[in-house]
Amino acid sequence: MAISLPARSVLPSWLAMGLLAAGAAVAVVMGHDGRRAAQVAMLVLPLLLWLRWPVASTGWRRVRAVAVFALLAAFLLDGAVRAYLVKLYQATPDSSLVLSAAANTTAREIREYLSSQLSTMALAIGVAIVALALTGVAIAAATRDQAPLSRPGRIAVIALLVVCSIGYLSKPWRRHHPLTFWPTWAEQVKDLRLAWSDQQGQRDQLMRNARAASPTIAAAGPATVVLVLTDSVNRDNMSLYGYARQTTPQLAALSGEEAGRLLTLRHAWSVEAATLASLSGLFSFGERDADDPAGRAQHLLALARTAGYKIWWMSNHDDVAVDQQHARLADEVEMINRQPGRSTASLDGELLDCLEEALVDPTPRKLIVVHLLGAHPHYRLRRPPGDHPFDDAPDAVDARMIRDGHPVWLRESRQDYDAALRYHDDVVAQTLRLTRRHVPDAGQGAWMFLSDHGQEVGHDIVHAGHSPGTAAGYRIPALLWRNAPGFDASLASRPFRADWAGWTLAELMHLRWTGMAADRNVLDPTYAWRPPTLPARVSRFDR
Ligand SMILES: [Zn+2]
């Protein structure tokens, strides 16, 4: 009696049970909706019933308190992680987006991701700690001073337990219990990584598909085509596309020098908000079948190689899936981010030497793919340290973000993002200058630059990162250059989609094969735009 008094005065047992029930309900509703939430609630309820069951021994009461705390904590954290993924990515943990991101993420990227999201997550982490502490206190209070259950009370508890056992007996329901769900999830991630680690069979199939289409090169003479593929660059942040901060002075200068030869596609879109899916679309002409990736699909690199191009793939990414699905179709693969002795935060500019080496190679027909990290989070690591061009004075962009009520951390993210783009501008402009300098004598030179997807940095919502749910996640730059012939200026206003970029690249390489679709090549007179279906709301694709 003496022990139970303080507990009763602070938190009566019935109120403690009420708090636990409310907490469990919030956890369930945060993580699931509709019928699924009801199913998961049936999995949580026995824990609360167990707490209400009278137990005489103090030792057993302690064991029970610890077990119930651990299980309720699992439900709470499960709900929080699910709510976080839905809010930021409109995705469940077992969606292919999240599974492939997890399977394709290195420890370094996890660290970078967590530190870049720290400001967003700080509040959530604080709330989770408070919720867990409250759960512990409530469990202690609920069991410290329990009135014995009346006979009807016991019958009610037993009846409820029988009902809830349905949840535990039914496999599709049980699957959503955090203790079954997350170990299965980890297995799925591991399987996916294994499946990627050897895709030689699929690459062989893609080479057979290419040979069956008998690709040829329609132009005589040597040719050098460079594809600069960047990451997470939103065209709205490039001064070349009208952004108020001078993020792309070099490309703007080149655009003046090369007028007629350098085409800026004003309305370029990705149809995917993440790298892997975007690259799959781009290299498979928008026709890759997720269930049968090799199948009868064509891969741009396999076609180009079969037609007689020598292919280089040079990358600043450290990425198993991209490596397996695309890079290894090339003749020469250079992954600077994997070489020992390089800083793991290696800058894109370090690829320029590799590019020049490939450009001076005497092979007559060359396709060189340069895969940049671009402005992929963490933005601060995508430029040389100490480079802060936009931090000093408040400017129009800052003023606008203040007016929109954006928090300080987001305005700082935008400054870091724009600084990364300013550095990136140097690198991209340099790839074009190098290409221009090394156009083969009496031959063709072409260069294409585009981003795999966009990036949200306080454009539509308070978020910095990949963004499947907003237009900013899909707004990309796309630039084309060739030495001759030039481009008609009217082409610049044609809407363009990244998953059709392969058709345009094929044109720059003068590739011909059976099964071509010229109406998806933005340079072709028969080009027929079809707007993609995006998970984000886009009112117009021509702006
Ligand atoms: Zn990406």
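Read the numbers this way: they start at 1 and go in the same order the structure lists the ligands and their atoms. Side chains are part of it too, since the values below use all heavy atoms of this structure and drop only hydrogens, waters and symmetry mates. One is the number of the first residue; the rest follow in order along the sequence. Just so we're clear, the structure is a prediction, and the values are computed from it rather than from any experiment.
Because the distance cut-off is set at 2.8 Å, His466 fails to qualify as a neighbour of the Zn ion (ligand 1), as none of its N, O or S atoms comes that close. The Zn ion (ligand 1) has no N, O or S atom of Ser451 under 2.8 Å away, backbone or side chain.
The closest side-chain heavy-atom distance from His388 to Gln415 is not below 4.5 Å.
Checked against the 6.0 Å centroid criterion, the rings of Phe283 and Trp313 qualify as a close aromatic pair.
Vertex the Zn ion (ligand 1); arms to Asp231 OD1 and Thr275 OG1; angle rounded to 10 degrees, 130°.
In this structure, Arg266 forms a cation-pi arrangement with Tyr241, its terminal cationic atom sitting closer than 6.0 Å to the ring centre and no more than 45° off the ring axis.
Within Asp452, OD2 is the N, O or S atom that lies nearest to the Zn ion (ligand 1).
Thr435 and Trp481 share no side-chain donor-acceptor pair at under 3.5 Å.
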